[in-house]
Each structure stands twice: as C-alpha cells, then as structure tokens.
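Beneath this line is the structure, given in structure tokens, with notes to follow.
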Amino acid sequence: FCQVFNQLPVCAVLDDSVVVMHGGLFRANGVELAHLEGVPREEVDLFSTNMHMNMLVDLLWTDPQENWGRSDSGRAAGIITFGPNVTADFLKKNRMKLLI
C-alpha cells in the first residue's frame, strides 16, 4: 500500500481551473501549487515543523468549516479546519476557479 501511495499525486489540476485534493487547504497563507512539488512522500508526521511536511499533512487531513479563518479541528492534534475565505484566497492566488 505505501509504495502505491507514494506514487499517487497529492493533488491534480483539471482544465487549468479546478484543483482536486484528498483533504484540504493549508495552515499557512500564500501556498502556491508550485510549492507542492517539494512535498515529501514519506511517513506523515503530524507534529513536524517542516513546512513541506505540514503541507502534506494538510493535504491529507484538513477539513472545510463554515466559519472564516482557520481553527483546530478537534479531530486530532495538529489538524486544522479552514473557512471559505481561506479557500477564496487560495483560488485567487493560484488563478483557479474551483476546489474539490
């Protein structure tokens, strides 16, 4: 299973306008799609301070919320939720129209 997981993309872009990802958006502002090329494909460390490891954790585990901003998920330590303003900012920065 791990060998297959390591070969799967962490997200995909369709028609230069739609971003598809397993989990959600990031705990940091300003993440660009180009930054995802540096995301490690190794064992996930929920408590890492490494920016790229945090991006992988976020891609796999974050969830949307109705409130603006970011909050602790309550689902597990180190996991966040993100609001509609975070989604709008990410889409605008990356010139995308939709996040799935």
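All residue numbers in this chain count up from 1 along the given sequence.
To the nearest 0.5 Å, atoms CH2 (Trp61) and OG1 (Thr81) are separated by 15.5 Å. With values rounded to the nearest 0.5 angstrom, Leu25 atom CG is found 8.0 Å from Arg70 atom CZ. One finds the CZ atom of Arg95 at 9.0 Å from the CD atom of Glu32 (value rounded to the nearest 0.5 Å).
Of all non-hydrogen atoms in Gln65 and Ser71, the two that sit nearest each other are OE1-OG, 3.3 Å. The two atoms that bring Asn67 and Pro84 nearest to each other are O-CD, 3.5 Å, heavy atoms only. Of all heavy-atom pairs between His22 and Leu60, the closest is CD2-O, 3.1 Å. Of all heavy-atom pairs between Cys11 and Met21, the closest is CB-CB, 3.8 Å.
In this structure, the side chain of Arg27 does not engage the main chain of Thr62 through any donor-acceptor pair within 3.5 Å. Between the Asn85 side chain and the Trp68 main chain, no donor and acceptor come within less than 3.5 Å of each other.
Hydrophobic cluster membership differs between Ile80 and Phe90, with clusters built from Ile, Leu, Val, Met, Phe, Trp and Tyr side chains linked at under 4.5 angstrom.
Residues passing the side-chain contact (heavy atoms from CB on, under 4.5 Å) test with Leu91, sequence neighbours excluded: Thr87, Met96, Leu99.
Members clustered with Val20: Leu14, Val18, Leu98, Ile100, by chain and number, using a 4.5 Å side-chain heavy-atom cutoff among hydrophobic residues.
Counting heavy atoms from C-beta outward, Val13 and Leu33 have side chains that approach closer than 4.5 Å. Contact check for Val31 versus Asp58: no side-chain heavy atoms found under the 4.5 Å cut-off.
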- Task: Decide side-chain contact (heavy atoms from CB on, under 4.5 Å) for Leu36 and Phe26; before the verdict, give the C-alpha distance in whole Å, the side-chain angles of both, and the deciding distance to 0.1 Å.
- Result: CA-CA 11 Å; Leu36 302 180; Phe26 309 95; 3.7 Å; yes

